[in-house]
There are 2 protein chains.
Amino acid sequence: MSSFRAQKMAKKKQEILRSAAAVLIEKGYQGTTMEEIAAKLLMTKGSMYYYFKNKDDLLFQCHLMIMEICLDGIEKVIESDRNPIEKLRCAIKEHILLATSEKSMFMALSKPHHNFSDEQLQEVLGLRKSYSHYFDRIIHEGIDKQEFGSVDVKMVRLIILGALNWIQEWYDQNGPQSAEEISEAYADYLLKMLVKN
Amino acid sequence: MSSFRAQKMAKKKQEILRSAAAVLIEKGYQGTTMEEIAAKLLMTKGSMYYYFKNKDDLLFQCHLMIMEICLDGIEKVIESDRNPIEKLRCAIKEHILLATSEKSMFMALSKPHHNFSDEQLQEVLGLRKSYSHYFDRIIHEGIDKQEFGSVDVKMVRLIILGALNWIQEWYDQNGPQSAEEISEAYADYLLKMLVKN
DNA sequence: TTATTTTTTGAACCTATGTTTAAAATTCAT
DNA sequence: ATGAATTTTAAACATAGGTTCAAAAAATAA
């Protein structure tokens, strides 16, 4: 019966997480204050504690939310019936779009070991590993189907994800190149490392 | 005559900067406390203020120190008489070695805009731009000499530096692959984006 | 040695911010 | 409408950590 209540609570939690994520992008983990997260929602910081145990918990769940969005994205790509080249291209573009779109602050928290408890860290690393594995699967598939040369899968994946993740360091919403253009170019160049010729 | 004094002071400053850098690697900007920096040198946090105006100043100068080391490295590569392919390979390897060696914590401070004042940020960005330009120069030279295809220099440089900088996120001193091996592999794969064939 | 300058200390101060809490406000079921 | 459950508030509290400062210690010069 109280599913209403539960839903409402869940919705509010989501709002808070979104607000937290927004602050997180700008200020970084330690720079983010409960006050600012609350202010964006016209709430007081005290009320955050009705929904979350403490700041760590809040920001951790925020991190999880972001990771889930990313995982959803790549899962769709994996399940599509494209060939490996196109899958990798899509995965790269999807990642960049997520990383640059204002809603998502994928990896807003680099260096999670600076902020999370061991237990939390384990969970985050697990999700990251899943994400990496999806990339590996695509690359393996490409090698099997002879679309890619026989590369060191892990190395190549690290290079690709590194290049992608670094975009957040310099990307500017109002910069000369759109996320779309960037993602096209990145996909093209990165694929050159892999594709046979 | 008091060059003795000045030298001694400079040396002490260096020590402090090194200590600060070490803490920075582990804890991140906001996680670094004056107390911990001092403790590593068996000093008290109060005495840090004899050498530096405040925490911001200290960590900013720490950042500058690191950047200078990097710039020295690539300048040597630029001035060498290798061909562009080898120059780029060297620059990549040099960067990775610096980024992984314990002494250097190159870019320990990602997202400098989280921490620095406008003025400081300008200086940091200026140094980064210099560093980037060196890479661009190498790439341009390669294109001119027909060793590289006619790529989008900026894009390719961003991809390369992104991949390199991200290494610090996962590199483990005790991991399976040495920095040397990693740098070889990275150079090989990244060059595939550029080299004509 | 004595005086002067430099360096270090450690306590005090201050502020920002995470957290608690009791009371007020709101929502909701009947 | 009324009472109970839920949600929000605002103030109080606690503490970490940056900064200051006057006095002590150490180094240096005479």
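Only heavy atoms go into these numbers, but all of them, side chains included; no hydrogens, no water, no symmetry mates.
Between Tyr131(B) and His95(B), the ring planes are tilted. Angles from 30° to 60° get that label.
Rounded to an integer number of Å, the gap from Leu42(A) CG to dT8(D) P is 12 Å. Taking atom NZ of residue Lys13(B) and atom C1' of nucleotide dT7(C), one finds them 14 Å apart after rounding to whole Å. Atom pair Gln7(A):CD and dT27(C):P shows a separation of 18 Å (rounding to whole Å applied). Rounded to whole Å, atom P of dT7(D) lies 13 Å from atom NZ of Lys11(A). Taking atom CE of Met48(B) as the reference point, atom C1' of dG10(C) lies 14 Å away to the nearest angstrom. Met43(A) places its CE atom 17 Å from the P atom of dA25(C), with the value rounded to the nearest Å. Separating the CD atom of Glu36(A) from the C1' atom of dA16(C) is a distance of 13 Å, rounded to the nearest angstrom. Note: CD (Glu15(A)) to C1' (dT7(D)) measures 14 Å, nearest angstrom.
Salt bridge status for Glu141(B) with Lys145(B): present, with a side-chain N to carboxylate O gap under 4.0 Å.
Residue Tyr50(B) places no side-chain N or O under 4.0 Å from the OP1 or OP2 atom of dT8(C).
Within the structure, side chain to side chain donor-acceptor pair (under 3.5 Å) pairs that include any residue of residues 181-191 of chain B comprise Arg89(B)-Asp188(B), Lys93(B)-Glu184(B) (at least two apart or interchain). For residues 65-82 of chain B, there are no salt bridge (Lys or Arg N to Asp or Glu O under 4.0 Å) pairs, not counting sequence neighbours.
Counting non-hydrogen atoms under 4.0 angstrom, Tyr51(A) reaches the backbone sugars and phosphates but no base.
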Inset, instruction - Sugar-phosphate atoms are those with a prime plus P, OP1 and OP2; base atoms are the rest. Using that split, label each nucleotide of nucleotides 15-27 of chain D B, S or - for protein heavy atoms under 4.0 Å, 5' to 3'. - result: --SBBB-------
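Between Gln122(A) and Asp118(A), the side chains place no donor N or O within less than 3.5 Å of an acceptor N or O (distance only, hydrogens not considered). Counting only N and O atoms by type, the side chains of Asp56(A) and Tyr29(A) include a donor and acceptor under 3.5 Å apart.
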